[in-house]
Amino acid sequence: MTRLSRIRSICSARRAAAVLGTAAGTLLLFAGTASAHVRVFSEGAKEGSPATLQFRVPSEKADVTTVRVDVALPRGVVPASVPPASGWTWKEGVSPTDRATHIIWTAAAGHEIKPDDHRYFDMQVGPLPKRASIAFDVAQTYSDGSVVNWNERQTGGKEPDFPAPVLVLDAASAKAELIRQEESAQQTPTATASPAPVAAAHEEGVGRVPWISWTVAGTAVLGAGAVVVLRRGNPDRTGTQ
């Protein structure tokens, strides 16, 4: 190898390391300590292309099981098919309030997610919208009837109680937007009025800075298995796995 070739090889390696460092740094910055929470993965996902989404749902309560998982799709994300989840049935519906499309999985008896366990739920969608990141609201129902809503958005670096799972398509842009929001929040003058009641403060997110469970697209995921194709035009589609 000539000296020029060695120099070119070193430069290429450094550029690759810089790219990997940026992605890894973004992931570490947003990973926090909530890796056990609901997450979304998609291998090779990118703006404008179809993708397979994989939702990892842990059962975090000690004495009850997870019996239902409801994923709300944000605007621009269109379901195409749902791979089977053994022991679970699925259906698709539209919320009467916000008109959002929901994919809902329900466990058959004996197939619930046990405490300290988890399982994956897959979904194939059409071309992803052109955004740096996509957040999904997920409602997790337990066998005691309680519901945990994973829907809190990030506006800073701290962790909220129930972060929405987020798929990052452009790590650099997503990180830049997060930094911009945090700087903007720091520059906003603090109000001197009397503090709001505790209930109102919780509803509006006052006094706390949410955190989001970030996942960089391209993370390896488990195999999806067979695919059950959804028929378009039916407002309430169901399937059994």
Side-chain angles (χ1 to χ4, degrees), residues 26-42 53-75 77 95 97-98 100 102-107 112-121 123 131-168 171 174-175 177-186 188 190-191 194-216 219:
T26 302
L27 182 59
L28 290 173
L29 176 64
F30 299 130
T33 58
S35 59
H37 295 334
V38 175
R39 306 291 295 273
V40 59
F41 302 88
S42 184
L53 307 179
Q54 186 174 60
F55 293 87
R56 180 186 185 278
V57 180
S59 215
E60 298 186 356
K61 292 192 175 185
D63 302 319
V64 290
T65 59
T66 295
V67 298
R68 189 173 187 265
V69 176
D70 181 343
V71 176
L73 301 182
R75 186 169 57 182
V77 179
S95 169
T97 55
D98 59 8
H102 289 247
I103 301 296
I104 304 168
W105 288 271
T106 304
E112 304 89 345
I113 307 175
K114 297 178 180 180
D116 296 324
D117 199 359
H118 69 272
R119 77 165 300 157
Y120 291 88
F121 298 90
M123 179 193 316
R131 301 176 196 166
S133 62
I134 304 173
F136 297 84
D137 290 352
V138 178
Q140 180 179 11
T141 302
Y142 285 90
S143 55
D144 62 354
S146 61
V147 179
V148 176
N149 292 303
W150 303 96
N151 59 5
E152 293 184 337
R153 301 298 194 266
Q154 177 173 354
T155 56
K158 295 183 180 180
E159 176 187 3
D161 294 328
F162 306 104
V166 173
L167 180 68
V168 177
K175 180 178 179 180
E177 176 62 17
L178 175 63
I179 294 174
R180 186 194 66 77
Q181 291 178 359
E182 193 164 9
E183 290 176 345
S184 177
Q186 292 174 352
T188 302
T190 303
S194 300
V198 173
H202 176 75
E203 291 175 359
E204 297 300 326
V206 176
R208 58 198 190 112
V209 184
W211 173 92
I212 278 183
S213 173
W214 289 82
T215 301
V216 175
T219 301

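Checked against ring-ring contact (aromatic ring centres under 6.0 Å, His included), Y142 has no partners two or more places apart in sequence or in another chain. Residues passing the side-chain contact (heavy atoms from CB on, under 4.5 Å) test with P115, sequence neighbours excluded: T65. Judged as a side-chain hydrogen bond (donor to acceptor under 3.5 Å, both in side chains), and not counting sequence neighbours, the contacts of K61 are S146. When the side-chain hydrogen bond (donor to acceptor under 3.5 Å, both in side chains) test is applied to T106, no partner is found at least two apart in sequence or on another chain. Not counting sequence neighbours, the partners of S59 by the side-chain hydrogen bond (donor to acceptor under 3.5 Å, both in side chains) test are T66. Residues satisfying the side-chain contact (heavy atoms from CB on, under 4.5 Å) criterion with D116, sequence neighbours excluded, are absent altogether. By the ring-ring contact (aromatic ring centres under 6.0 Å, His included) test, H102 pairs with no residue at all, sequence neighbours left out. Partners of N151 according to the side-chain hydrogen bond (donor to acceptor under 3.5 Å, both in side chains) rule, which considers only residues two or more places apart in sequence or in another chain, do not exist here.
Using a distance-only test at 3.5 Å, with no hydrogens or angles considered, no donor-acceptor pair links the side chain of E112 to the main chain of A107.
Between I113 and E60, every side-chain heavy-atom pair lies at or beyond the 4.5 Å cut-off. Side-chain contact check for F136 versus V166: every heavy-atom pair is 4.5 Å or farther apart. Between D137 and N149 there is no side-chain heavy-atom pair separated by less than 4.5 Å. Taking 4.5 Å as the limit, some side-chain heavy atom of F41 sits within range of a side-chain heavy atom of R39.
Considering all non-hydrogen atoms of both residues, A100 and L73 come closest at CB-O, 4.1 Å. Across S95 and T97, no two heavy atoms sit closer than the pair OG-OG1, 2.8 Å.
Applying the salt bridge (Lys or Arg N to Asp or Glu O under 4.0 Å) test to residues at least two apart or on different chains, none of the pairs has a partner in residues 65-74.
Environment of CG in D144: crowded, with over 12 heavy atoms of neighbouring residues, nucleotides or ligands closer than 6.0 Å.
If you take CH2 on W105 and CZ on F55, they are separated by 6.5 Å, rounding to the nearest 0.5 Å.
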